[in-house]
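Numbers for residues simply follow the sequence, beginning at 1.
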Amino acid sequence: MPPRTFARPHPDGETDFQFRRPTAADGPAITRLIAACPPLDGNSAYCNLLQCSHFAGHCVVAERDGAIAGWVSGYRPPSEPASLFVWQVAVSATARGKGLAGRMIEALLARPEAADVTHLITTVTNDNRPSWALFEGLARRWSAPLTRSVLFDREIHFADAHATEWQARIGPLPRRPQGAFEENADMTITLPRPTASEPDTAIYERRESAVRSYARSMPRQFNRAEHVWMHDSQGGRYLDFLSGCSTLNYGHNHPVLKQALLDYVAADGIAHGLDLHTDAKAAFLTALEDLILAPRGLDYRAMFTGPTGTNAVEAAIKLARKVTGRELVIAFTNGFHGMTLGALACTGNATKRGGAGVPLSHVAHEPYDGYHGEDVDSADLLERRLTDPSSGLDAPAAILVETVQGEGGLNAASPAWLRKIADIARRHGALMIVDDIQAGCGRVGSFFSFEGMGFTPDIVTLAKSLSGMGLPFALTLLRPELDQWSPGEHNGTFRGNNHAFVTATAALRHFWSDGRFQEDIARRSLLLERRLGAMAAEHGLSTRGRGMMRGIDMGSGDIAGAVTSGCFDHGLIIETSGAHDEVVKVLAPLVIDDALLSVGLDILEDRIRETLAVPFGVAAE
């Protein structure tokens with residue numbers, strides 16, 4: 001009887017890897033694979049045969065093009081029947097870097113034999129960094145505790161002939177891991193396809209304003225979301241590479257954040273408190289101070305504004321004008337800072353500015369880094385304008401800048417240019433404001449996007465992923481000496497969203513209490529950079545951005561729109577940015593695992609090839 005096959009089709013229908021139970025016939029090939037994966041023990045051919053024959057239900061083979069590319073062997077220890085012990089993980093050299101090890105373990109856990117598994121355990125030596133990274137990544141993905149302890153001591157058990165074996169344990173698992181795979185009755189693991197039909201939109205056409213935008217490019221009615229997935233009302237599932245425009249850096253309904261909110265609501269915690277002192281606010285401020293500000297040597301007061309990013313920007317520029325007694329704010333080309341009048345005046349996009357209906361004044365838009373090309377230093381141009389009494393540029397109250405322009409096309413300013421801008425602000429008596437609403441909370445790698453760049457802003461604005469769960473929450477951070485507000489001089493009814501305080505505190509404690517999450521972002525950012533760079537090089541295009549805030553400049557808004565539309569048809573939510581919507585922007589959740597990131601990038605890569613295969617605007621036969 002042939003072995004049962006676990007197939008994970010490629011998004012276009014072509015098979016990527018086949019996951020199946022091993023047989024005794026696989027023993028020699030598995031032994032050769034293990035021998036090519038030091039430091040695994042390559043002298044266990046007999047043991048490998050027994051694993052294939054008697055423990056196949058807890059082993060998995062990954063095949064591609066008829067050749068074995070991966071192997072995971074495990075068993076259920078009699079002393080811990082609810083645990084799955086992973087003994088060996090091997091991946092061929094040609095299959096590495098695709099998240100295959102994690103995908104094989106997920107395939108094991110999707111089997112009926114593993115339905116009651118509560119812990120995943122393994123042994124690993126200190127020098128086996130890939131295995132440590134695998135288990136650390138799985139623990140973060142599943143939001144499950146990871147513990148380590150010595151199992152076999154080098155001196156006691158091996159007489160110095162073998163390194164100490166540590167035991168790594170993940171669990172208890174909050175639920176059977178779901179993500180890259182789903183399982184149906186015939187044991188086939190597949191990537192769900194999106195639905196093809198559009199929902200009934202009559203109620204939206206009849207009652208919702210025509211100003212809606214995202215719903216036009218993604219015509220589905222969504223009803224559920226978890227981790228990196230969004231589900232529509234007709235059973236379709238979509239991989240989310242938009243993340244609420246960087247509002248969902250920790251994914252949808254992260255279980256740690258969700259549980260914190262559920263516990264708070266169940267205890268009748270304060271929901272709305274204006275600016276009253278509450279337990280939730282105190283906990284957030286303490287976490288902000290202990291986990292974010294103090295470790296970075298930052299001394300900021302926290303101003304709770306209205307609930308969205310534009311409110312934080314309005315407060316920042318209003319305070320700068322109050323403190324300096326000046327009116328002018330310097331912003332930059334392609335900048336985006338919000339849609340209320342003060343923030344909109346600082347925004348460059350003509351379409352958005354055109355909706356104001358009144359003059360947008362008291363702002364000068366200067367060229368951003370690289371706006372005039374690599375040979376022109378726009379910081380020097382700004383310095384010249386400010387020092388020339390005949391330039392017509394008034395002394396500014398503030399200089400407002402994004403280190404990476406999210407809506408403006410993922411333009412990333414260099415550290416040297418930003419340091420110059422900070423120095424210009426200081427010497428000319430202006431306040432330096434960094435808009436970190438989209439680039440902050442880890443999106444470019446560090447919590448603040450300006451970390452390690454050699455300057456400290458006077459004011460920082462945060463929102464989007466600050467709450468961690470998509471709850472409205474905005475914050476303006478300011479140097480203590482700038483806190484010159486009179487009580488109630490700037491306020492807002494929803495400046496005390498205690499539910500957002502609760503989830504924000506949980507996010508800070510879960511993700512930012514040590515450096516592991518930031519290290520994981522850096523590693524994944526490199527993967528994203530390499531994949532996008534290869535796609536761009538293939539077609540003579542260029543990339544934009546920094547960290548996990550990157551994209552490809554397609555050179556045309558029409559072409560970029562065709563790419564993103566094709567991605568949506570294949571189950572990937574992704575959008576565009578830039579002056580002409582010419583940049584396809586990847587804003588995947590920061591918690592996405594490598595396997596799912598690769599799945600989404602595969603879809604993007606194929607759609608770019610497909611779109612550029614024929615002259616744009618010419619229908620393919």
> If you look at every heavy atom in A398 and I433, which pair is closest and at what distance?
Replying inline: CB-CD1, 3.7 Å
>> Applying side chain to side chain contact (heavy atoms under 4.5 Å, CB included), can you list everything that pairs with H499, at least two apart in sequence or on another chain?
In response: L261, Y264, V265, A271, L471, N497
>> Donor-acceptor check, side chain of T310 to backbone of G338, threshold 3.5 angstrom: yes or no?
In response: no
>> Keeping N411 on the side-chain end and D369 on the backbone end, is there a donor-acceptor pair under 3.5 Å?
In response: no
>> Using side-chain heavy atoms (C-beta onward) and a distance below 4.5 Å, is L478 in contact with L431?
In response: no
> Are the side chain of E582 and the backbone N or O of H580 linked by a donor-acceptor pair below 3.5 Å?
Replying inline: yes
>> I'd like to know whether D594 forms a side chain to side chain contact (heavy atoms under 4.5 Å, CB included) with R523, so could you lay out the CA-CA distance, the side-chain angles of the two residues, the decisive distance to 0.1 Å, and finally the verdict.
In response: CA-CA 10 Å; D594 292 359; R523 181 188 57 76; 2.6 Å; yes
> Is the closest side-chain heavy-atom distance between E407 and N349 below 4.5 Å?
Replying inline: no
>> Keeping K281 on the side-chain end and D275 on the backbone end, is there a donor-acceptor pair under 3.5 Å?
In response: yes
> W512 and ring pair (Phe, Tyr, Trp, His ring centres under 6.0 Å): which partner among Y250, F448, F447?
Replying inline: F447
> What residues, two or more places apart in sequence or in another chain, satisfy salt bridge (charged side-chain N to carboxylate O under 4.0 Å, His left out) together with E451?
Replying inline: R296
> Among all residues two or more places apart in sequence or in another chain, which pass the ring pair (Phe, Tyr, Trp, His ring centres under 6.0 Å) test with F336?
Replying inline: none
> Do the side chains of P219 and T201 get nearer than 4.5 Å, heavy atoms only?
Replying inline: no
> Can you name the nearest heavy-atom pair linking A474 to T308, along with the distance?
Replying inline: CB-O, 3.2 Å
> Between R237 (side chain) and M230 (backbone), is there a donor-acceptor pair under 3.5 Å?
Replying inline: no
> Would you find a donor on one side and an acceptor on the other, under 3.5 Å apart, between the side chain of S465 and the backbone of S246?
Replying inline: yes
>> Could you report the tightest heavy-atom contact between V591 and G251, atom names first, then the distance?
In response: CG2-N, 3.9 Å
> Do the rings of F511 and F517 sit parallel, tilted or perpendicular, given the 30° and 60° boundaries?
Replying inline: tilted
> Shortest non-hydrogen contact from A356 to L341?
Replying inline: CB-CD2, 3.9 Å
> For the atom pair CG (L527) and CG (L532), what is the distance rounded to the nearest 0.5 Å?
Replying inline: 9.5 Å
Let me have the donor-acceptor pairs involving side chains of residues 312-319, under 3.5 Å, with sequence neighbours excluded, atom names and distances please.
{"unit_1": "E314", "atom_1": "OE2", "unit_2": "T340", "atom_2": "OG1", "d": "2.6"}
{"unit_1": "E314", "atom_1": "OE2", "unit_2": "G342", "atom_2": "N", "d": "2.8"}
{"unit_1": "E314", "atom_1": "OE2", "unit_2": "A343", "atom_2": "N", "d": "2.9"}
{"unit_1": "K318", "atom_1": "NZ", "unit_2": "H490", "atom_2": "ND1", "d": "3.1"}

> What's the shortest heavy-atom distance between L475 and T305, and which atoms?
Replying inline: N-OG1, 4.4 Å
>> Under the rule for side-chain hydrogen bond (donor to acceptor under 3.5 Å, both in side chains), what residues qualify as partners of E575, not counting sequence neighbours?
In response: S217
> Can you find a heavy atom in the side chain of Q221 that is under 4.5 Å from one in the side chain of N223?
Replying inline: no
N/O donor-acceptor pairs under 3.5 Å from side chains in residues 546-554, not counting sequence neighbours:
{"unit_1": "R546", "atom_1": "NH2", "unit_2": "T403", "atom_2": "OG1", "d": "3.4"}
{"unit_1": "R546", "atom_1": "NH2", "unit_2": "S449", "atom_2": "O", "d": "3.1"}
{"unit_1": "R550", "atom_1": "NE", "unit_2": "G547", "atom_2": "O", "d": "2.8"}
{"unit_1": "D553", "atom_1": "OD1", "unit_2": "G555", "atom_2": "N", "d": "2.8"}
{"unit_1": "D553", "atom_1": "OD2", "unit_2": "R544", "atom_2": "NH2", "d": "3.0"}

>> To the closest 0.5 Å, what do you measure between CD1 (I559) and OG1 (T576)?
In response: 13.0 Å
>> For the backbone of L257 and the side chain of T503, can you confirm whether one donor and one acceptor N or O come within less than 3.5 Å of each other?
In response: no
> With sequence neighbours excluded, what pairs up with E605 under the salt bridge (charged side-chain N to carboxylate O under 4.0 Å, His left out) test?
Replying inline: R531, R609
>> Run the side chain to side chain contact (heavy atoms under 4.5 Å, CB included) test on E402 and H337 for me, step by step, so that the C-alpha distance in whole Å, both residues' side-chain angles and the decisive distance to 0.1 Å come before the verdict.
In response: CA-CA 9 Å; E402 302 162 274; H337 301 284; 3.8 Å; yes
> R212: what forms a side-chain hydrogen bond (donor to acceptor under 3.5 Å, both in side chains) with it, not counting sequence neighbours?
Replying inline: E205
> If you measure from CG on L462 to CD on Q438, what distance do you get to the nearest 0.5 Å?
Replying inline: 13.0 Å
> With a cut-off of 6.0 Å (strictly less than), are more than 12 heavy atoms of other residues, nucleotides or ligands near CZ of F494?
Replying inline: no
> About how many Å separate SG of C441 and CG of L590, when rounded to the nearest 0.5 Å?
Replying inline: 9.5 Å
>> Taking ring pair (Phe, Tyr, Trp, His ring centres under 6.0 Å) as the definition, give me every residue that meets it alongside H539, ordered by chain and number, with sequence neighbours left out.
In response: none
> Measuring from E106:CD to L138:CG, what's the distance to the nearest 0.5 Å?
Replying inline: 7.0 Å
>> As an exercise, state the distance from CE of M218 to CD1 of I573, rounded to the nearest 0.5 Å.
In response: 6.0 Å
> Does the pair R443 and N249 meet the rule for a side chain to side chain contact (heavy atoms under 4.5 Å, CB included), with working shown?
Replying inline: CA-CA 7 Å; R443 174 51 61 181; N249 284 358; 2.8 Å; yes
> Distance-only, no hydrogens or angles: does the T543 side chain make a donor-acceptor pair with backbone N or O of G533 under 3.5 Å?
Replying inline: no
>> List the residues meeting ring pair (Phe, Tyr, Trp, His ring centres under 6.0 Å) with H510, not counting sequence neighbours, and say none if there are none.
In response: H254
>> Please evaluate residues R509 and V256 with respect to the criterion side chain to side chain contact (heavy atoms under 4.5 Å, CB included), reporting the C-alpha separation (whole Å), side-chain torsions for both, the decisive distance (0.1 Å), and the verdict.
In response: CA-CA 10 Å; R509 289 174 176 169; V256 172; over 6 Å; no
>> So E366 and T333, do their side chains get closer than 4.5 Å, heavy atoms only?
In response: no
> Residues in ring pair (Phe, Tyr, Trp, His ring centres under 6.0 Å) with Y204, at least two apart?
Replying inline: none
> Under 3.5 Å, side chain of T564 to main-chain N/O of G561, donor-acceptor pair present?
Replying inline: yes
>> If I compare all heavy atoms of F241 with all of V586, which pair ends up nearest, and what's the gap?
In response: CD2-CG1, 3.8 Å
> Is R607 salt-bridged to D569, going by a charged N under 4.0 Å from an acidic O?
Replying inline: no
> Counting only N and O atoms by type, is there a donor-acceptor contact under 3.5 Å from the side chain of N334 to the main-chain atoms of F332?
Replying inline: no
>> Using the salt bridge (charged side-chain N to carboxylate O under 4.0 Å, His left out) criterion, which residues pair with D263? Sequence neighbours excluded.
In response: none
>> Counting only heavy atoms from other residues, nucleotides and ligands, does the tally under 6.0 Å from CZ of R207 exceed 12?
In response: no
> What orientation do F501 and F284 show, parallel under 30°, tilted 30 to 60°, or perpendicular over 60°?
Replying inline: parallel
>> Checking side chain to side chain donor-acceptor pair (under 3.5 Å) between E226 and each of H231, H252, K258, which is the one that passes?
In response: H231
